[in-house]
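Because the structure is a prediction, the values reported are computed rather than measured. Position 1 is the first residue of the sequence; numbering continues from there. Indexing begins at 1, ligand by ligand and atom by atom, following the structure's order.
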Amino acid sequence: MMAAGRLSFGNITALAPMVRIGTLPMRLLALDYGADVVYCEELIDIKMAKCHRVVNEVLQTVDFVAPDERVMFRTCEREKDRVVFQMGTADPDRALIVARLVEHDVAAIDVNMGCPKEYSTKGGMGAALLSDPDKIEAILKKLVTGVSIPVTCKIRILPSLEETVRLVQRIEKTGVAAVAVHGRLKEERPRHPLHLHHMQAVARALSIPVIANGGSLDLVKTNMDIEDFRKATGASSVMLARAAMWNASVFRDQGPLPLETVMEDYLKHAIRYNNHAFNTKYCLCQMLREKVESPLGKQVQAAQSSAELSEALGLQEFYQQTQDQLQAKRDALQTSSQP
Ligand code: FNR
């Protein structure tokens with residue numbers, strides 16, 4: 001259990017940033033199961049800069065809403081001291097505008113410097129930043145001096161050990177609170193083996209916490225593997241993406257839970273926080289993996305709404321009760337706002 005106050009990145013386990021997966025229900029689920037820190041999905045600075053902050057009294061959340069009314073980022077009190085807002089950016093000024101927009105609702109700001117997907121790199125964001133250390137420095141310095149909460153970044157390694165160490169040392173000097181290292185080159189795919197010696201060299205070279213990432217497929221399958229992975233990389237902390245996406249109970253010290261239980265726990269958060277049904281369904285399908293063609297998988301795939309997803313998982317009663325409670329809150333708020 002971490003002490004309240006400024007978020008610390010030493011000796012933690014974290015839910016990694018994952019597009020579409022790392023929305024509020026998954027972050028709350030990971031916290032329930034024992035993750036210390038939860039990263040949101042990468043959110044692009046240009047889109048976030050257009051959002052306005054709305055306190056959602058019914059859901060008791062803070063929503064960052066786009067001009068087309070889409071909720072880009074939803075957060076709540078429960079995760080306030082644990083949630084890291086990850087952004088995609090290639091522009092120090094815009095990064096600061098977005099960081100200031102969310103600063104009082106999140107625990108830290110992270111910059112994505114590892115995403116090799118075209119939508120990220122073509123704007124000079126994500127892994128494209130790795131070949132522009134001046135830009136990295138400019139963005140991180142601007143954020144570190146411009147906001148009152150910790151700033152971190154998530155990188156991939158560079159081809160040589162020397163280049164990788166030089167880069168992270170330069171990053172450390174900007175004043176960031178931690179660096180997450182996905183131990184693969186930007187050209188490598190998640191199935192490729194990790195470069196543990198690069199990760200060890202980074203851990204040795206820095207005095208700020210290093211968060212090791214990339215072990216999900218072969219090295220980290222259970223909770224007990226987390227500590228082994230930490231030791232093997234020499235890092236202070238561990239960040240999990242796919243292992244957590246498949247079964248978030250990997251964060252539980254007490255051992256894993258059956259997939260059905262995890263899916264139900266996830267869906268309860270999704271219902272409670274009115275998560276978009278397509279996002280909920282996408283996450284449930286990722287959890288099902290090869291079971292996606294099972295009878296349960298087929299029911300989940302066929303569902304078109306939160307009500308239908310609830311039916312698939314036998315949570316109709318929970319769904320109805322939650323809808324009734326939310327409606328009662330809406331009615332009460334409407335009554336109290338009438339003159
Ligand atoms: C990712 N990854 C990722 N990384 C990041 O910095 N921002 C992001 O938004 C995403 N999105 C994302 C979505 C999905 C579905 C996956 C599987 C991965 C990369 C992720 O955080 C991590 O670096 C890699 O998956 C390697 O870690 P694991 O999976 O071995 O624990």
Side-chain angles (χ1 to χ4, degrees), residues 12-24 26-27 30 35 37-45 47-48 72-73 83-90 95 98 108-121 123 125-130 136 139 151-157 171 176 178-196 198-199 202 210-223 225-226 228-230 232-233 235 237-248 250-251 279 281-289:
I12 54 138
T13 53
L15 173 71
M18 283 182 277
V19 166
R20 296 182 73 188
I21 300 290
T23 49
L24 182 59
M26 180 60 81
R27 300 197 302 268
V37 173
V38 290
Y39 283 64
C40 75
E41 61 176 334
E42 176 191 32
L43 292 159
I44 305 296
D45 61 355
K47 292 187 185 158
M48 278 303 297
M72 300 297 294
F73 176 58
V83 65
V84 181
F85 180 90
Q86 188 192 58
M87 74 169 102
T89 186
V98 173
I109 304 285
D110 181 78
V111 179
N112 183 350
M113 302 184 177
C115 182
K117 299 266 165 64
E118 208 200 327
Y119 70 80
S120 223
T121 54
M125 303 182 293
L129 281 172
L130 293 175
I136 290 182
I139 293 171
V151 175
T152 62
C153 66
K154 178 165 173 282
I155 63 162
R156 285 189 179 226
I157 59 166
I171 288 174
V176 291
V179 182
V181 183
H182 177 186
R184 292 188 177 88
L185 296 164
K186 65 173 192 278
E187 299 77 20
E188 289 178 321
R189 302 275 58 87
R191 63 177 186 280
H192 289 126
L194 277 182
H195 299 270
L196 286 178
H198 273 74
M199 302 175 85
V202 169
V210 171
I211 309 169
N213 170 246
S216 278
L217 196 60
D218 39 9
L219 300 175
V220 184
K221 291 195 167 78
T222 69
N223 185 268
D225 300 331
I226 295 177
D228 293 342
F229 182 55
R230 195 180 68 75
T233 56
S237 296
V238 170
M239 170 188 271
L240 300 178
R242 289 164 297 165
M245 169 175 81
W246 294 325
N247 187 327
V250 69
F251 289 113
N279 181 253
K281 176 173 157 176
Y282 175 78
C283 291
L284 291 171
C285 286
Q286 298 307 307
M287 292 181 208
L288 282 160
R289 296 178 78 188

K.L.:
Between Asn112 and ligand 1, find which residue part has any heavy-atom pair under 4.0 Å and reply side chain, backbone, both or neither.
P.N.:
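Asn112 to ligand 1: side-chain contact only, backbone stays beyond 4.0 Å.
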
K.L.:
Where the closest heavy atom to atom 16 (C) of ligand 1 is concerned, which of Met18, Arg156, His182 has it?
P.N.:
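Closest candidate by heavy-atom distance is Met18.
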
K.L.:
If you measure every N/O of Leu240 against every N/O of ligand 1, is any gap under 3.5 Å?
P.N.:
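There is no such contact.
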
K.L.:
Does the N or O separation between Arg184 and ligand 1 drop below 3.5 Å for any pair?
P.N.:
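Checking ligand 1 against Arg184, no N or O pair falls under 3.5 Å apart.
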
K.L.:
Measuring from Glu42:CD to Ser120:OG, what's the distance to the nearest 0.5 Å?
P.N.:
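The OG atom of Ser120 is 4.0 Å from CD of Glu42, to the nearest 0.5 Å.
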
K.L.:
Give yes if a backbone or side-chain nitrogen or oxygen of Pro17 is under 3.5 Å from a nitrogen or oxygen of ligand 1, and no if not.
P.N.:
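For ligand 1, there is an N or O atom that lies under 3.5 Å from one belonging to Pro17.
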
K.L.:
Once salt bridge (charged side-chain N to carboxylate O under 4.0 Å, His left out) is applied, do any residues pair with Asp45, and if so which ones, sequence neighbours excluded?
P.N.:
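Per chain and number, Asp45 pairs via salt bridge (charged side-chain N to carboxylate O under 4.0 Å, His left out) with Arg94.
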
K.L.:
What about Gln86: any of its N or O atoms under 3.5 Å from an N or O on ligand 1?
P.N.:
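It does: an N or O of Gln86 is found under 3.5 Å from an N or O of ligand 1.
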
K.L.:
Does any non-hydrogen side-chain atom of Leu240 lie less than 4.5 Å from one of Val250?
P.N.:
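Touching, per the 4.5 Å side-chain cut-off.
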
K.L.:
Which ligand 1 atoms are under 4.0 Å away from a heavy-atom of Ala16?
P.N.:
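Listed by number with element, the hits are 21 (O).
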
K.L.:
Go through Val179 and Val202 one step at a time and tell me if the side-chain contact (heavy atoms from CB on, under 4.5 Å) criterion holds.
P.N.:
CA-CA 9 Å; Val179 182; Val202 169; 5.7 Å; no

K.L.:
Restricting to side chain to side chain donor-acceptor pair (under 3.5 Å), what partner residues turn up for Asp225, sequence neighbours left out?
P.N.:
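Side chain to side chain donor-acceptor pair (under 3.5 Å) check on Asp225 returns Thr222.
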
K.L.:
Are side-chain heavy atoms of Cys153 and Ile171 found at a separation under 4.5 Å?
P.N.:
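Touching, per the 4.5 Å side-chain cut-off.
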
K.L.:
Where is the nearest protein heavy atom to atom 31 (O) of ligand 1: which residue, which atom, and how far?
P.N.:
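Scanning the protein heavy atoms, the shortest distance from atom 31 (O) of ligand 1 goes to Ser216 OG, 2.6 Å.
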
K.L.:
Can you tell if the side chain of Met239 reaches within under 4.5 Å of the side chain of Lys154, non-hydrogen atoms only?
P.N.:
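Counting from C-beta outward, Met239 and Lys154 do come under 4.5 Å.
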
K.L.:
Could you tell me whether ligand 1 has any atom less than 4.0 Å away from a heavy atom of Gly214?
P.N.:
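Right, Gly214 reaches ligand 1.
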
K.L.:
What are the atoms of ligand 1, with element, lying closer than 4.0 Å to any heavy atom of Arg242?
P.N.:
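Every atom of ligand 1 under 4.0 Å from some heavy atom of Arg242: 17 (C), 25 (O), 28 (P), 29 (O), 30 (O), 31 (O).
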
K.L.:
Within the structure provided, determine whether Ile157 and Leu185 are in side-chain contact (heavy-atom separation under 4.5 Å).
P.N.:
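Yes, side chains in contact.
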
K.L.:
Are Gly114 and ligand 1 in contact, using a heavy-atom cut-off of under 4.0 Å?
P.N.:
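It does not; every heavy atom stays at 4.0 Å or beyond.
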
K.L.:
Pick whichever of Arg20, Lys154, Lys117 has a heavy atom sitting closest to atom 5 (C) of ligand 1.
P.N.:
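Checking each option, the heavy atom nearest atom 5 (C) of ligand 1 is found in Lys154.
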
